[in-house]
Amino acid sequence: MRTTQFPLNTVKETPADAEIASHQLMIRAGLIRKLAAGLYSWLPLGLRVLRKVEKITREEMEKAGALEVLMPALQPAELWQETGRWEQYGPELARLKDRHDRDFCLGPTHEEIITDLARNELKSYKQLPITYYQVQTKFRDEIRPRFGVMRSREFIMKDAYSFHLNQDSLQLTYDVMYQAYSNIFNHLALKFRAVIADSGSIGGAISHEFHVLADSGEDAIAFSTVSDYAANVEKAEAVMPAGTRGAATADLALIDTPDQHSIEDISSFLNIPASLCLKTLIVKGEEDSLVALLLRGDHELNKIKAEKIDGVASPLEFAGEEDVIRVCNCKPGSIGPIGLTIHIIADRSVVLMSDFVCGANQDGKHYQGVNWERDLPVPVQIEDIRAVVEGDASPDGLGKLTLARGIEVGHIFQLGTKYSAAMKAGVINEGGKNQIMLMGCYGIGISRVVAAAIEQNHDNKGIIWPANLAPFQVALCPMNMHKSERLKAAAEQLYQDLLAAGIDVLFDDRKVRAGFMFSDMELIGIPHCIVLGDRGLDTGTVEYKSRTAQENEEIPAADIIAFLKAKLNG
RNA sequence: CGGGGCGUAGCGCAGCUUGGUAGCGCACUUGUCUGGGGGACAAGGGGUCGCAGGUUCAAAUCCUGUCGUCCCGACCA
């Protein structure tokens, strides 16, 4: 391709509304343009990258035995009502009516549609297992779209769905897809982790997320320093701490703590570590009840864990100030478990605390020297409700947990019969009886992968594409070609030779100065660059520069094709 | 949804306080010079100042409404 026929649309100025590196670079390099909040057009250069992600994804799906289909983005409400998600999904579901006033939505995902398709098309257990996939546009009316295509309202997703007669078969396909996903991200040369995940609104029991590691990631993930344990922090288990509770050494005392509300306030006011403070959170329970959650002061509540406990409202909701005053006789900031009459759920680490500080349920007062058994009963219900922190023991007993940020680019689930049962999707089994199928579902955010790849691979000059993602493999940059007929002839010849060799080359035949050309090629992240000049023509050499290298290399002109081929295959 | 910021040329911004008919940089067009790291000079083209009302002789500027967009928050015990 020639730059005179393939406009680059690069911009020097960083757009004002782009926060993170990948968003800024996607605009500056001319990959995307914003249409409206969370809606982006893909320019030719960006689309080439998007297509590469699709291509690699398709190849691995085909290898995994999945069959490509294409389902409508516009979906009738009836199917969503069958599974109950028409009500459950909330405002994120983009709903609309047709001219006959019938309800539709723009699909945020396709479980309902594929399940409908499967129940009509699959009749016999002999057709199972089977996996369908598609690459298609999804719509989610996000609360707050941001970071360009990272969290947008319309995006490209590869979604796959598998159907099975039994759990063993589901597990087998799940494992195959897990491997296929690992292959995809390896081919894309991205640093990633597969982590145990919460299945969220999609549902089901077992699930893994695939995260591209990047500091700007919206998710926190935890993984063991020595084993392969890795989990989303939402799901990472905080194990019961080792050791036993210390003996009581201090006397119980009621102390004045005027205007000291947060754990931070109290620990600095009393000059004690936060780990000696007890944090009491009042949350809504079931049927208008309230529940107290106890945490060690230096720990934070994990909402996802808490709302899964019976008796706690889901989604988790904190009690209002009026409710707190009603059950605690004090405002938030002085709440404690002593004398509290509502149900109490304590985090595992709480029961090992001794001589601790907690609110006294009187405004401006706390107790210190508090000890379980002596001053108040040990809570009956002890659960894992806190977020893990760096250095916690790994739940598999091997090593400690490290925390990192990740961008969720893939998510696989074992759905079980959640959708197939609701929609009565069954086949005739070996015994001639109808049997509900088990399902798995597997998604990759294709457009998000592009952003995540940039997030992980860029420098102050621009994007540094991994080989398999680059819009072009090689940039051909002649210096002042318009001034030299022989250089022009040599450049044209090399361009043709590169094309003939099957190398995807971008020939910069614009009449621009060298610096301008180099800056553009570096901004758009072409991995390999060939510089042609009159100097080299005299010596029979061309210059090669890798996107990541500081120095150029001189290569004999006759060897350049072989040299590049070696680079591209290596 | 709550709070805040911002809407002026394709992009980045100034002008608004104190109303008087719109400007700068980049980009774009043409020309000359330059020619290995986003060049210089010159001449150009491009904006009903988000939209709708209102105040005024006069509104980018003041007032009201509205739409768009971005950021923050939803962990306070």
Side-chain angles (χ1 to χ4, degrees), chain A residues 7-20 23-24 27-28 30 33-39 90-92 141 143-148 257 259-267 274 277-283 290 292-295 297-304 306 315-321 323-325 327-328 330-337 340 357-366 385-387 461-462 477-484 487 508 510-523 529 531-536 542-543 545 550 552:
Chain A
L8 290 180
N9 307 115
T10 54
V11 292
K12 210 191 301 192
E13 310 233 22
T14 300
D17 56 4
E19 274 274 295
I20 60 171
H23 186 194
Q24 293 174 353
I27 303 283
R28 287 194 52 213
R33 289 290 182 257
K34 183 170 79 172
L35 175 67
L39 300 174
E92 209 171 294
D141 197 356
I143 308 175
R144 200 178 138 200
R146 61 187 131 175
F147 303 148
T257 51
D259 298 322
Q260 307 298 311
H261 300 299
S262 65
I263 293 292
E264 204 175 295
D265 292 341
I266 294 293
S267 72
C277 300
L278 181 75
K279 188 190 285 191
T280 309
L281 306 173
I282 309 296
V283 300
L290 294 171
L293 304 179
L294 306 186
L295 289 156
D298 57 330
H299 289 154
E300 295 207 336
L301 177 67
N302 180 324
K303 276 186 178 173
I304 306 276
L316 191 79
E317 201 178 338
F318 283 86
E321 186 163 304
D323 282 333
V324 171
I325 292 169
V327 298
C328 305
C330 69
K331 289 182 194 166
S334 303
I335 309 171
L340 208 53
V357 171
C358 67
N361 296 327
Q362 303 174 42
D363 285 328
K365 290 188 189 293
H366 280 72
I385 56 173
R386 73 174 172 95
K461 291 176 180 170
C477 298
M479 302 287 94
N480 300 309
M481 183 169 72
H482 63 284
K483 302 260 290 195
S484 164
L487 179 59
D508 199 345
R510 295 174 297 180
K511 186 187 163 186
V512 295
R513 297 168 69 93
F516 194 92
M517 203 180 265
F518 293 144
S519 300
D520 259 359
M521 292 304 150
E522 283 161 349
L523 177 58
C529 182
V531 182
L532 279 186
D534 272 311
R535 285 193 320 230
V542 300
E543 293 164 51
K545 189 170 181 305
Q550 292 299 317
N552 291 7

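Being a predicted model, the structure only gives us computed values, none of them experimental. The chains referred to below are lettered A, B, ... by the order of the sequence lines, with proteins before strands, and numbering in each begins at 1.
Applying the ring pair (Phe, Tyr, Trp, His ring centres under 6.0 Å) rule to A:His366 yields no partners; only residues at least two apart in sequence or on another chain are considered. Remark: A:Arg510 pairs with A:Asp508, A:Asp520 by the salt bridge (charged side-chain N to carboxylate O under 4.0 Å, His left out) rule, at least two apart or across chains. Scanning for salt bridge (charged side-chain N to carboxylate O under 4.0 Å, His left out) contacts around A:Asp534 gives A:Arg486, with sequence neighbours left out. For A:Lys545, the salt bridge (charged side-chain N to carboxylate O under 4.0 Å, His left out) partners are A:Glu522, not counting sequence neighbours. Under the salt bridge (charged side-chain N to carboxylate O under 4.0 Å, His left out) criterion, A:Asp363 pairs with no residue, sequence neighbours left out.
Here the separation of B:G19 from B:A58, taken at their C1' atoms, is 8 Å to the nearest Å. Rounded to the nearest Å, the gap between the P atom of B:G54 and that of B:G12 is 32 Å. To the nearest whole angstrom, the two C1' atoms, one in B:G20 and one in B:G35, are 49 Å apart. The P atoms of B:C16 and B:U61 are separated by 13 Å, rounded to the nearest whole Å. One P atom belongs to B:G44, the other to B:G23, and the distance between them is 14 Å to the nearest Å.
Atom OG1 of A:Thr14 sits about 11.0 Å away from atom CG of A:Asp17, to the nearest 0.5 Å.
With B:A77, B:C13, B:G35 as the candidates, the nucleotide lying closest to the side chain of A:Ile335 is B:A77. With distances taken from any side-chain atom of A:Ala36 to the nucleotides B:C76, B:C11, B:U69, the minimum falls on B:U69. Set against B:C11, B:A74, B:G35, the side chain of A:Ile143 has B:A74 as its closest nucleotide.
Within a 6.0 Å sphere centred on CD of A:Glu92, heavy atoms belonging to other residues, nucleotides or ligands number more than 12.
Judged by Watson-Crick or G-U wobble contacts below 3.5 Å, the nucleotide B:G68 has B:C6 as its partner. B:G46: no Watson-Crick or G-U partner with both key distances under 3.5 Å is found in any strand. Nucleotide B:G25: paired with B:C11 (Watson-Crick or G-U wobble, both distances less than 3.5 Å). The base-pairing partner of B:C33, taking Watson-Crick or G-U wobble contacts with both distances under 3.5 Å, is B:G39. Summarising the base pairing, B:C57 is matched to B:G20 through a Watson-Crick or G-U wobble pair whose two defining distances lie under 3.5 Å. Pairing for B:G73 goes to B:C1, judged as Watson-Crick or G-U wobble with the two contacts each under 3.5 Å.
When each of A:Leu281, A:Val324, A:Leu278, A:Val327 is tested with A:Ile335 by the rule side chain to side chain contact (heavy atoms under 4.5 Å, CB included), just one qualifies, namely A:Val324.
Judged by closest nucleotide on RNA chain B, A:Thr14 is the one of A:Arg146 and A:Thr14 placed further toward the 5' end.
The residue A:His482 sits close to a base: some heavy atom pair falls under 4.0 Å. Within 4.0 Å (heavy atoms only), A:Ile263 reaches sugar-phosphate atoms of the nucleic acid but no base atom. Residue contacts for A:Lys34: at a heavy-atom cut-off of 4.0 Å it reaches the sugar-phosphate backbone alone, with no base atom in range.
A:His366 places its NE2 atom 15 Å from the P atom of B:C76, with the value rounded to the nearest Å. The CD-P distance, from A:Glu13 to B:C24, rounds to 16 Å in whole Å. Between the CG atom of A:Asp265 and the P atom of B:A77 there is a distance of 8 Å, rounded to whole Å.
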So which protein nitrogen or oxygen atoms get under 3.5 Å of nucleotides 36-45 of chain B's nitrogens or oxygens?
unit_1: B:G36; atom_1: O6; unit_2: A:Glu543; atom_2: OE2; d: 3.4
unit_1: B:G36; atom_1: N1; unit_2: A:Arg535; atom_2: NH2; d: 3.4
unit_1: B:G36; atom_1: N1; unit_2: A:Glu543; atom_2: OE1; d: 3.3
unit_1: B:G36; atom_1: N1; unit_2: A:Glu543; atom_2: OE2; d: 2.5
unit_1: B:G36; atom_1: N2; unit_2: A:Glu543; atom_2: OE1; d: 2.2
unit_1: B:G36; atom_1: N2; unit_2: A:Glu543; atom_2: OE2; d: 3.2
unit_1: B:G37; atom_1: O4'; unit_2: A:Gly515; atom_2: N; d: 3.2
unit_1: B:G37; atom_1: N1; unit_2: A:Glu522; atom_2: OE1; d: 3.3
unit_1: B:G37; atom_1: N1; unit_2: A:Glu522; atom_2: OE2; d: 2.9
unit_1: B:G37; atom_1: N2; unit_2: A:Glu522; atom_2: OE1; d: 2.2
unit_1: B:G37; atom_1: N2; unit_2: A:Glu522; atom_2: OE2; d: 3.4
unit_1: B:G38; atom_1: O2'; unit_2: A:Lys12; atom_2: NZ; d: 2.9
unit_1: B:G38; atom_1: O6; unit_2: A:Arg28; atom_2: NH2; d: 3.1
unit_1: B:G38; atom_1: N2; unit_2: A:Asp520; atom_2: OD1; d: 2.9

